[in-house]
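Take a look at the structure below.
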Amino acid sequence: QKEVEQNSGPLSVPEGAIASLNCTYSDRGSQSFFWYRQYSGKSPELIMFIYSNGDKEDGRFTAQLNKASQYVSLLIRDSQPSDSATYLCAATTGGFKTIFGAGTRLFVKA
Amino acid sequence: DTGVSQDPRHKITKRGQNVTFRCDPISEHNRLYWYRQTLGQGPEFLTYFQNEAQLEKSRLLSDRFSAERPKGSFSTLEIQRTEQGDSAMYLCASSFPGTSGSSYNEQFFGPGTRLTVL
């Protein structure tokens, strides 16, 4: 069973701090990786995707991918209370099947 | 609204009844996915379509579940003889292959259908 693993949290950070969310995946054939944000009772919302080793930045968000270590991370700079949500990591194989992790709950304290 | 839509948003049914959900993807998206999500878990892959072809179905999906996308546009997910364990949020997502032919498969989700089986 191909898996995507995340620490369930909760991760608690003060407002203005950097939140660091991590994810590992088991299928070396995975090609694209995604971070989704999900507020309670809502559907997942795409934040970022990454497919090459290294960093990718978009505003306050930076995704990092290390294929050798099968590791993906998301950094949220200047965290805001509105960032409090569950963050889902997902990996897509060449066949376009997508596997999601269970998510990490993030709390940003004002 | 040009996003993914799902109908109904909520469904309450009695055990043993059949239910059908509908998903309308973003119009230019040719891939359509169905997921199931229970409390505290991430979306669990059920099946996906590219145009009208169902390309993969989860081995976890029992024969009581069937999905169709007859014209490559909207899709339906049917659950026959519902069980209490089927209670969950059923999510639909769609994606577009990309203008260059390469695809990173960014998926955009609908609001979901919450199923409660009594």
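On a predicted model such as this, the values are computed, not experimentally measured, just so you know. So that the names make sense, note that chain A is the first sequence line, chain B the second, and so on, each numbered from 1.
Counted within 6.0 Å of CD1 on B:I12, heavy atoms from surrounding residues, nucleotides or ligands total 12 or fewer; the atom is thus considered open. Counting heavy atoms of neighbouring residues, nucleotides and ligands inside a 6.0 Å radius, atom CZ of B:R64 exceeds 12 of them. Other residues, nucleotides and ligands place more than 12 heavy atoms under 6.0 Å from the NZ atom of A:K67.
Most heavy-atom pairs under 4.5 Å with chain B: of the set A:G103, A:G101, A:A90, A:P44, this distinction falls to A:P44.
Note: A:T92 OG1 to B:F45 CZ = 10.0 Å, rounded to the nearest 0.5 Å. A:S32 OG to B:E106 CD: the interatomic distance, rounded to the nearest 0.5 Å, is 7.5 Å. Going from atom CD of A:Q31 over to atom CG of B:N105 covers 10.0 Å, rounded to the nearest 0.5 Å.
Here the side chain of A:Y36 pairs a donor or acceptor atom with the backbone of B:Q107 at under 3.5 angstrom.
Counting heavy atoms from C-beta outward, A:L46 and B:F108 have side chains that approach closer than 4.5 Å. Within the 4.5 Å cutoff, the side chain of A:E45 has no heavy atoms near those of the B:F109 side chain. Residues B:P43 and A:T98 fail the side-chain proximity criterion, which asks for heavy atoms closer than 4.5 Å.
B:I79 and B:F74 fall into different hydrophobic clusters, defined by Ile, Leu, Val, Met, Phe, Trp and Tyr side-chain heavy atoms under 4.5 Å apart, directly or through other members. Taken together through direct or relayed side-chain contacts under 4.5 Å among Ile, Leu, Val, Met, Phe, Trp and Tyr, A:F96 and B:L55 form part of one hydrophobic cluster. If you chain together hydrophobic residues whose side chains sit under 4.5 Å apart, A:L21 and A:M48 fall into the same group. In this structure, A:L74 is a member of the same hydrophobic cluster as A:L11, with clusters built from ILVMFWY side-chain heavy atoms closer than 4.5 Å. In the hydrophobic clustering of ILVMFWY residues, with side-chain heavy atoms under 4.5 Å counting as a link, A:V72 and A:I47 come out together.
Inspection of non-hydrogen atoms places B:G110, B:P111 of residues 110-118 of chain B under 4.5 Å from chain A. Interface residues of residues 17-26 of chain B toward chain A, defined by a heavy-atom distance below 4.5 Å: none.
The part of B:Y48 that comes within reach of chain A is its side chain, from C-beta onward, which places non-hydrogen atoms under 4.5 angstrom from that chain. For A:Q38, the part lying near chain B is the side chain, with the backbone staying farther off; criterion is any non-hydrogen pair under 4.5 Å. Using a 4.5 Å cut-off between heavy atoms, B:Q41 contacts chain A through both its backbone and its side chain.
For A:F100 and B:Y35, the gap between ring centers is short of 6.0 Å.
Sorted by first and then second residue, the ring pair (Phe, Tyr, Trp, His ring centres under 6.0 Å) pairs involving residues 42-72 of chain A (not counting sequence neighbours) are A:F49-B:Y104, A:Y51-B:Y104.
The two residues A:S43 and B:L91 make their nearest non-hydrogen contact at CB-CD2, 3.8 Å.
Annotation: salt bridge (charged side-chain N to carboxylate O under 4.0 Å, His left out) contacts of A:E15 (sequence neighbours excluded): none.
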